[in-house]
Every structure is written in structure tokens, then in C-alpha cells.
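This report refers to the structure that appears directly beneath it.
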Number of protein chains: 2
Amino acid sequence: MSSGNGHTTMKDVARLAGVSPATVSLALGNDPRVNIKTRKLVREAADKLRYIPNEIGRSLRSQKTETIALVIPHTSQHVFSHPYFAKLLEGITEVLNENGYNLLLSTTAEENDEQSAYEKVLRNRRADGVIVSSASLFDRNFLRLVDSGFPVVYLGPWTNNDIYTVERDDVMGAFSATDHLLKLGRRKIVHFTGPLNHQVGRDRLEGYRLAHQQNQVPVNEELVIEKDLSVNAGYEGVTELLDRQIPFDALFAGNDLMAIGAMKQLLERGIKVPEQISVVGFDDIDMASMFHPTLTTVHQPMKQTGILAAQKLLGVLNGREDIEKKTVLQTKLMIRESCGG
Amino acid sequence: MSSGNGHTTMKDVARLAGVSPATVSLALGNDPRVNIKTRKLVREAADKLRYIPNEIGRSLRSQKTETIALVIPHTSQHVFSHPYFAKLLEGITEVLNENGYNLLLSTTAEENDEQSAYEKVLRNRRADGVIVSSASLFDRNFLRLVDSGFPVVYLGPWTNNDIYTVERDDVMGAFSATDHLLKLGRRKIVHFTGPLNHQVGRDRLEGYRLAHQQNQVPVNEELVIEKDLSVNAGYEGVTELLDRQIPFDALFAGNDLMAIGAMKQLLERGIKVPEQISVVGFDDIDMASMFHPTLTTVHQPMKQTGILAAQKLLGVLNGREDIEKKTVLQTKLMIRESCGG
DNA sequence: TTAATAAATTAAATCGATTTAAAAGGTGAT
DNA sequence: ATCACCTTTTAAATCGATTTAATTTATTAA
């Protein structure tokens with residue numbers, strides 16, 4: 001039933017149909033140059049043999065892989081556990097499935113130049129394009145990738161108009177959260193920022209400052225604390241604040257996980273949310289509304305980000321000219337119980 | 001600097017080094033047949049041109065892709081949002097990265113025969129092997145895949161010894177949870193099962209029954225309720241029980257998400273956990289200990305599952321003979337606050 | 001019937017690597 | 001100088017498809 005190692009190849013179909021491999025290729029591609037009767041003949045032979053084209057062979061010739069890579073730069077792998085990642089993946093796979101594309105998931109533990117996820121996947125030609133999840137600023141591997149002209153969609157803010165991006169208005173999101181707390185009369189608002197070597201963290205901090213400025217409330221720098229975006233960081237952040245007896249009446253956490261960790265510790269210390277401390281998060285993960293009190297948070301369209309990024313990349317790959325470089329998604333403050341008022 | 005479309009190919013290296021492509025291939029493979037001085041020469045030329053072999057060409061010839069696929073059968077894509085998936089992915093990518101393998105993520109929305117994730121990825125030859133996340137029983141596409149002899153590691157229980165599996169002792173896990181509740185004196189224990197067309201759901205139900213049997217407590221079939229494994233299912237499950245005024249004093253949820261949803265609804269109805277109702281979950285997701293009360297649950301080693309599955313598959317691909325067909329991971333009851341006692 | 005033209009098919013090159021078998025180059029013994 | 005043998009290099013086939021250019025077959029016009 002097959003030629004070589006046990007798989008049905010085009011040659012097998014050609015032999016059964018009594019035509020040449022070239023005809024098979026054209027016929028299956030429904031090329032009008034092939035007689036309609038021959039086309040039918042070939043299709044029947046292909047069906048009978050359950051022929052599925054070998055994508056590797058096809059890729060080599062066409063210089064296309066019908067695959068895109070999602071690159072997550074040198075990470076502690078915990079990203080996977082972040083709900084953002086799951087939703088992003090949902091969106092991406094939905095679009096890719098609709099368009100018959102495959103998804104290669106690429107991570108690198110080290111920042112190793114040679115073996116960086118960028119070098120590996122891209123120059124390998126294993127994917128036609130990449131979606132790059134927000135990298136730390138000034139990663140030179142990433143910059144090299146951009147320079148190389150390889151199709152990239154970057155998830156996050158980018159200063160100039162060189163590359164395709166899907167971003168959130170983090171400044172505005174953080175502004176709305178902080179502004180809401182200020183309007184509620186809170187004046188000592190702690191902000192747990194995410195890592196400040198990522199633009200996300202910087203932008204949210206900027207929004208926090210902006211809200212203070214507009215409400216003519218000075219920022220107490222002691223209340224701005226850099227943390228990583230984990231539950232634990234939130235938990236420990238509150239521990240430290242309480243132990244150091246720093247007074248505060250609200251917390252704007254860099255993301256929901258931190259907010260959840262913080263609320264946990266506040267609860268354990270017998271501090272009432274929102275009566276004593278108002279808490280606001282960022283992301284609006286599914287769990288946000290499962291806690292008691294339910295978490296007020298800045299909603300960001302995570303799945304939509306994945307959808308748009310994938311559509312954008314496919315658009316670029318298909319040579320469409322009408323693709324805008326920058327897509328900015330708006331956030332929305334979801335007011336629930338954790339901030340009171 | 002390059003031959004065709006802008007990428008450095010082996011021919012380019014050969015030209016620069018003044019040797020034939022064949023020599024380049026052998027030299028870079030460090031074949032002793034090539035003179036040591038030539039090898040050095042070639043390596044230098046390759047470095048100078050920043051040559052990276054085209055994996056597609058290599059794959060076509062070697063019939064290997066250095067890629068494995070994680071197949072998630074016809075799913076509502078919500079799987080991604082389940083913490084189990086994230087941890088699994090962590091484990092898998094860790095092993096793959098160590099071994100220079102790529103990961104292809106493959107899902108299918110439909111059960112469509114032709115386009116099933118199995119057909120697509122496997123017969124395409126885009127991956128050397130697959131890890132299949134627990135499928136619904138009797139999926140004929142899956143059975144066909146197994147028959148084809150394609151390297152497969154299946155995540156979940158399998159009746160015979162035909163295929164490589166990594167499984168949990170779900171029966172035992174569910175037993176320990178239920179037994180614990182019974183030992184606490186609970187007699188009307190609700191069980192929200194997961195979908196019963198999956199072996200997981202069946203096994204956990206079996207453990208639930210077994211515990212009753214051993215404790216000589218009859219099972220009230222009205223308390224066994226089939227639900228999907230979501231937060232919402234747990235929430236609504238409790239709503240229905242309360243609305244139908246079915247008395248119960250404990251709940252063993254098929255997973256933590258359901259338990260969390262259930263606790264949410266109990267809280268809203270003013271029913272105290274664990275004083276009035278004891279709750280136990282299954283999985284031990286990170287969030288389990290963030291709730292109040294903290295969730296008693298059956299721990300399963302999710303990341304370890306990924307690690308073992310990946311190691312097993314790579315072992316099979318490398319032709320190792322000492323790989324055991326079946327690996328069964330043990331669970332562990334984590335006693336926290338939600339069940340009292 | 002033959003020439004000109006159109007339609008259908010196929011041989012062969014190509015994509016980028018690997019690998020086998022053949023060729024070329026060296027060395028030492030006789 | 002010749003032969004045998006070993007080392008090194010390379011030509012050519014191969015993997016499985018696509019596509020161009022050439023060939024074969026069919027159709028129409030004269």
C-alpha cells in the first residue's frame with residue numbers, strides 16, 4: 001500500500017490512479033489544467049489510500065510551515081500557571097484552528113544567546129511567524145529577531161511604529177483603578193507593581209501616579225513596592241507592610257494574583273476588606289469573582305488579545321497590506337465588593 | 001551571503017570553506033572520516049555565516065522532527081484554563097527543553113474524523129510522537145491512532161497493557177477523600193462527578209462507592225450528580241440541591257474548581273463550611289489554599305505527570321527497551337479547613 | 001489529410017539536508 | 001615504479017512534495 005517506510009505517499013496515489021506524481025499534485029490542488037475526469041480519478045485514489053500529504057515535504061518546497069510559534073522568553077515557566085496565559089492560548093488556538101495553522105510553543109529557560117527561543121525557532125524555519133509574549137525590555141535577542149524581518153506580533157507596548165503589536169492601555173487601566181480608590185476617599189494607597197524591567201509594570205505605575213496627580217494627592221513613595229506577579233508576592237507584601245507598621249487604607253495590586261495573596265494575608269491578620277482596606281486588582285481572572293469579598297479589578301480582554309494577535313500575524317503572513325501596526329485594547333474597571341463604597 | 005531567498009544554507013558554507021556540501025554535513029556532524037583540519041575549517045565558515053541548519057530539510061531526510069505534540073482532543077478549549085493543564089505543560093516543556101525538542105500544541109474543536117487532531121498532526125508527520133491528554137472513552141480516532149503504531153503516551157487509565165500511560169490512582173484518591181468524610185461522621189455525602197464518559201469520572205465515583213462500602217454506609221444515589229468540571233458546575237450543583245431541598249452534610253467534588261464554585265454558593269446562602277457542610281476537592285490547585293476556609297483536597301502531582309509523560313515518550317522515541325508501559329502516580333489527601341474535624 | 005493550435009500530461013528541477021558508494025589522494029612495501 | 005591499502009573527499013541518490021517547461025494527445029481549420 002505504500003512505497004517506503006509504511007506511509008502513503010504521492011507516488012502511491014499516482015501509481016494507483018495510473019498517472020504521474022505531477023498530475024496528482026495538480027489534481028489534488030484542483031488545478032484547471034488537469035482534466036476534470038482525471039481530477040476525480042486521482043481524488044478517488046487518494047481517498048482509497050487515505051492519503052495525507054506529508055507536510056514536511058510540502059514545507060520544504062513551499063518554504064511555508066503553516067505553523068506559528070508562541071514564544072515565551074526565558075521564563076520560570078510559571079507563566080503557564082497564570083490565567084492570562086490560558087486565555088491568551090484559547091484565543092490564539094481558536095484562530096489558528098479556523099485557519100488550519102499549527103501552534104508551536106516555545107520557551108527558553110536561559111537567556112543564552114545561541115539557544116534563545118528566538119534563534120531556535122525562527123532561524124530553524126519551523127514556523128512562519130511568531131507571537132512574542134511581552135519580553136523584558138532591551139532583550140537583544142528579541143531586537144535581533146525584529147531586525148531580521150521575520151514576521152512578529154509583539155504582545156505589549158512598543159515605543160515606535162516598527163513592529164506589529166497588540167497592547168493594552170495599561171496606564172489608563174491603572175488610572176481608573178487608582179482614581180476609583182481616591183474617589184472613595186482612600187488616601188494611603190499601596191501599589192504592588194510587577195517587575196519594573198517590564199513595560200507593563202512601568203505603565204501601571206504611571207497610571208497610579210497620574211490618578212494621584214489629577215486628584216491632587218501626593219504619592220507616598222514608601223507605598224510603591226516592586227514585587228513579582230504571584231500570589232505569594234501579594235501575601236508577603238502585606239506581611240511586610242504590617243510588620244513594618246506602615247499605615248495604608250487601600251491596595252492597588254499589579255495583578256489579581258497579588259491581590260488574592262494580599263487579601264489572604266489581610267484576612268489572616270483579621271483586617272477587614274473592604275471596611276479597613278480597599279483592594280483592587282488587575283486582569284479580572286475567573287477566580288476574581290469567586291473570592292469573598294469579590295475582587296474589584298481592571299478587566300483586560302485576555303482571550304481577545306490572543307485572537308487579535310493571531311489574526312494580525314496571519315494577515316501579515318498572507319501579505320495583506322491593510323494591517324495596522326498597533327492595536328490598543330481598552331480595559332474596564334469591574335467594581336465588585338473588595339473596595340467598598 | 002546566501003544562495004536563494006536570503007538564508008544561509010549548507011551550500012553557502014561549502015562554498016566559503018571550499019569543500020562540498022557533503023563534507024560540510026559530515027564535518028558539522030563531527031564525523032571522524034573528515035580530516036580534523038577540514039572539520040575546523042568548516043566549523044569556522046559556518047560560524048562566520050551564522051549558519052543554522054534548516055530543520056525542515058533535515059526532517060525530510062531523517063524522517064524525524066525533534067518535535068512532540070500534545071494533543072488535546074475535541075475540546076471546548078476551556079481545558080487551558082484548568083490549572084492542571086498549566087502544570088502539565090510546565091512539566092512537559094521542562095523535559096523537552098532539556099532535550100532540545102519542540103512542542104506542538106494540538107487541539108480540535110470538532111470530532112470530525114478527517115480533521116481530528118490525531119489525523120492532522122500524526123499522519124502529517126509534523127511530530128515524532130504524541131502525548132494525548134485523557135480522551136473520552138471509545139474515541140475511534142484515538143483507537144485508530146494507537147493501532148497505527150505511532151508513538152503515544154496516554155495520560156489516564158487504560159484497561160490493557162497495549163499502550164504507554166501515565167495515570168493516577170483516582171479510585172484510591174477518591175476513596176481517601178470520601179473515607180475521610182465518613183470517618184468525620186458525615187453520612188450524606190454529595191458527589192459531583194466529572195463527565196462519566198471519561199474514565200477519570202468513573203474511577204473517582206468508584207472510589208466514592210468503595211469508601212461507603214467499606215464503612216458500611218449505603219450510597220444514596222440521589223447524591224451522585226454528574227457535572228462538568230467547572231467552577232460554574234459546582235456553583236449550580238449546590239443551587240439545585242438547595243432548591244430541591246435535598247439534605248446533605250458533605251460534598252466531595254470531582255475537582256477543586258467545582259469545590260470552589262460550590263463553596264461560593266454555600267457562602268452566599270449563608271451555609272457554613274465546614275460547620276454545616278464539609279467540602280473536599282480533587283487536584284490541589286494553587287488556589288485551594290487561598291480560599292477561606294482553605295480547601296481540603298486530594299493532591300495529584302500535576303507537573304510530575306508532565307515530566308514523566310515527556311520522559312517516557314522521549315525514551316520510546318530513542319528506542320529504549322526498559323520503559324514500563326504503565327506508570328501509576330499516587331495521590332495524597334491534603335487535610336485543610338474545609339472539612340472540619 | 002495535414003498543419004496549426006489548444007488541452008492534458010509528465011519529466012525534471014527544486015527546496016535543504018543526509019548518507020552511501022564511488023573516486024581521489026596518500027603512504028608504505030616490494 | 002607499481003601495487004595494495006588506508007584516508008579523505010565528493011558525486012549522486014534520497015526524503016515528499018510543488019512547479020516550470022517540455023512533451024504528448026486531442027481538436028479544429030484549411
Side-chain angles (χ1 to χ4, degrees), chain A residues 1-43 45-46 49-67 122-126 128, chain B residues 1-43 45-46 49-67 122-126 128:
Chain A
M1 183 196 280
S2 75
S3 47
N5 56 6
H7 270 270
T8 302
T9 153
M10 206 156 85
K11 252 193 215 158
D12 303 318
V13 178
R15 195 177 312 129
L16 180 62
V19 297
S20 74
T23 305
V24 174
S25 178
L26 294 173
L28 293 179
N30 236 317
D31 192 298
R33 281 177 297 173
V34 177
N35 187 300
I36 191 108
K37 282 158 73 180
T38 312
R39 271 185 258 172
K40 189 153 158 278
L41 192 74
V42 169
R43 236 173 301 143
L49 296 178
R50 305 191 113 261
Y51 168 73
I52 294 184
N54 179 317
E55 294 283 340
I56 298 292
R58 199 209 281 272
S59 288
L60 181 59
R61 173 68 221 226
S62 66
Q63 301 286 45
K64 276 183 200 149
T65 61
E66 306 267 270
T67 298
L122 316 177
R123 309 202 45 201
N124 269 354
R125 302 273 123 180
R126 268 263 145 81
D128 298 336
Chain B
M1 186 196 277
S2 74
S3 47
N5 57 6
H7 270 270
T8 302
T9 152
M10 206 156 85
K11 251 193 216 157
D12 303 318
V13 178
R15 196 177 311 128
L16 180 62
V19 298
S20 74
T23 303
V24 174
S25 178
L26 294 173
L28 293 180
N30 235 318
D31 192 299
R33 281 177 296 173
V34 177
N35 187 298
I36 191 106
K37 282 159 73 180
T38 314
R39 269 185 262 174
K40 187 151 161 279
L41 191 74
V42 169
R43 234 173 302 145
L49 296 178
R50 303 192 112 260
Y51 169 72
I52 293 184
N54 179 317
E55 294 283 340
I56 297 292
R58 198 209 282 271
S59 289
L60 181 59
R61 173 67 220 223
S62 66
Q63 301 286 44
K64 277 184 200 147
T65 60
E66 307 265 273
T67 299
L122 315 177
R123 308 201 48 199
N124 271 354
R125 301 274 126 181
R126 270 260 143 84
D128 298 336

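Naming convention: chains lettered A, B, ... in sequence-line order (proteins, then strands); numbering from 1 in each chain. Because the structure is a prediction, the values reported are computed rather than measured.
Each of D:dA17, D:dT9, C:dA17 was ranked by its minimum atom distance to the side chain of B:Val34; first place goes to D:dT9.
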Subject >> Intermediate values then yes/no, side-chain contact (heavy atoms from CB on, under 4.5 Å), A:Ile56 and B:Thr65 >> reply: CA-CA 9 Å; A:Ile56 298 292; B:Thr65 60; 4.2 Å; yes
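Looking at every heavy atom in both residues, A:Leu28 comes nearest to A:Ala46 through CD2-CB, 4.2 Å. Here the closest non-hydrogen pair linking A:Asn30 and A:Arg43 is OD1-NH2, 4.4 Å. Across all their heavy atoms, B:Met10 and B:Ser25 have their closest contact at CE-CB, 3.7 Å. For the residue pair B:Arg58 and B:Pro53, the shortest heavy atom distance occurs at NH2-CG, 3.1 Å. Across all non-hydrogen atoms, the minimal contact from B:Val13 to B:Val42 is CG1-O, 4.0 Å. Nearest heavy atom pair, residue A:Asp128 against residue A:Glu66, reads OD2-N, 2.9 Å.
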What are the atom names and distances for every N/O pair under 3.5 Å that joins the protein to nucleotides 24-28 of chain C?
none

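No N or O donor and acceptor, one from the side chain of A:Arg58 and one from the base of D:dT18, sit under 3.5 Å apart.
In this structure, CE of A:Met10 is placed 17 Å from P of D:dT14, rounded to the nearest angstrom. Atom P of nucleotide D:dA11 and atom NZ of B:Lys11 are separated by 13 Å, given to the nearest angstrom. One atom, CG of A:Asp31, and another, C1' of D:dT20, lie 12 Å apart when rounded to the nearest Å. The CZ-P distance, from A:Arg33 to D:dA21, rounds to 11 Å in whole Å. If you measure from atom CD of B:Gln63 to atom P of C:dT18, you get 14 Å, rounded to the nearest angstrom. In this structure, B:Asn54 places its CG atom 13 Å from C1' of D:dC15, rounding to the nearest Å. Per the geometry, NE2 belonging to B:His7 stands 10 Å off P belonging to C:dG16, to the nearest Å. Rounded to a whole Å, the CG atom of B:Leu60 is 12 Å from the P atom of D:dT18.
Counting heavy atoms from C-beta on, the side chains of B:Thr67 and B:Arg126 never come closer than 4.5 Å. With a 4.5 Å cut-off on side-chain heavy atoms, A:Ile52 and A:Thr8 do not count as touching. Side-chain contact between B:Arg33 and B:Leu26 is present, with heavy atoms from C-beta onward closer than 4.5 Å.
A donor-acceptor pair under 3.5 Å links the side-chain atoms of B:Ser20 to the main chain of B:Thr23, judged by distance alone.
Applying a 4.0 Å cut-off to non-hydrogen atoms, the residues of residues 17-26 of chain B that approach DNA chain C are B:Ala22, B:Ser25, B:Leu26, listed by residue number.
In the helix from C:dT1-D:dA30 to C:dT30-D:dA1, the rotation axis of the first five pairs and that of the last five pairs differ in direction by 70°, rounded to 10 degrees.
Counting non-hydrogen atoms under 4.0 angstrom, B:Ser59 reaches nothing in the nucleic acid.
If B:Thr38 and B:Arg61 are placed on DNA chain D by their nearest nucleotide, the residue sitting closer to the 5' end is B:Thr38.
Note: A:Asp31 CG to A:Thr38 OG1 = 12.0 Å, rounded to the nearest 0.5 Å.
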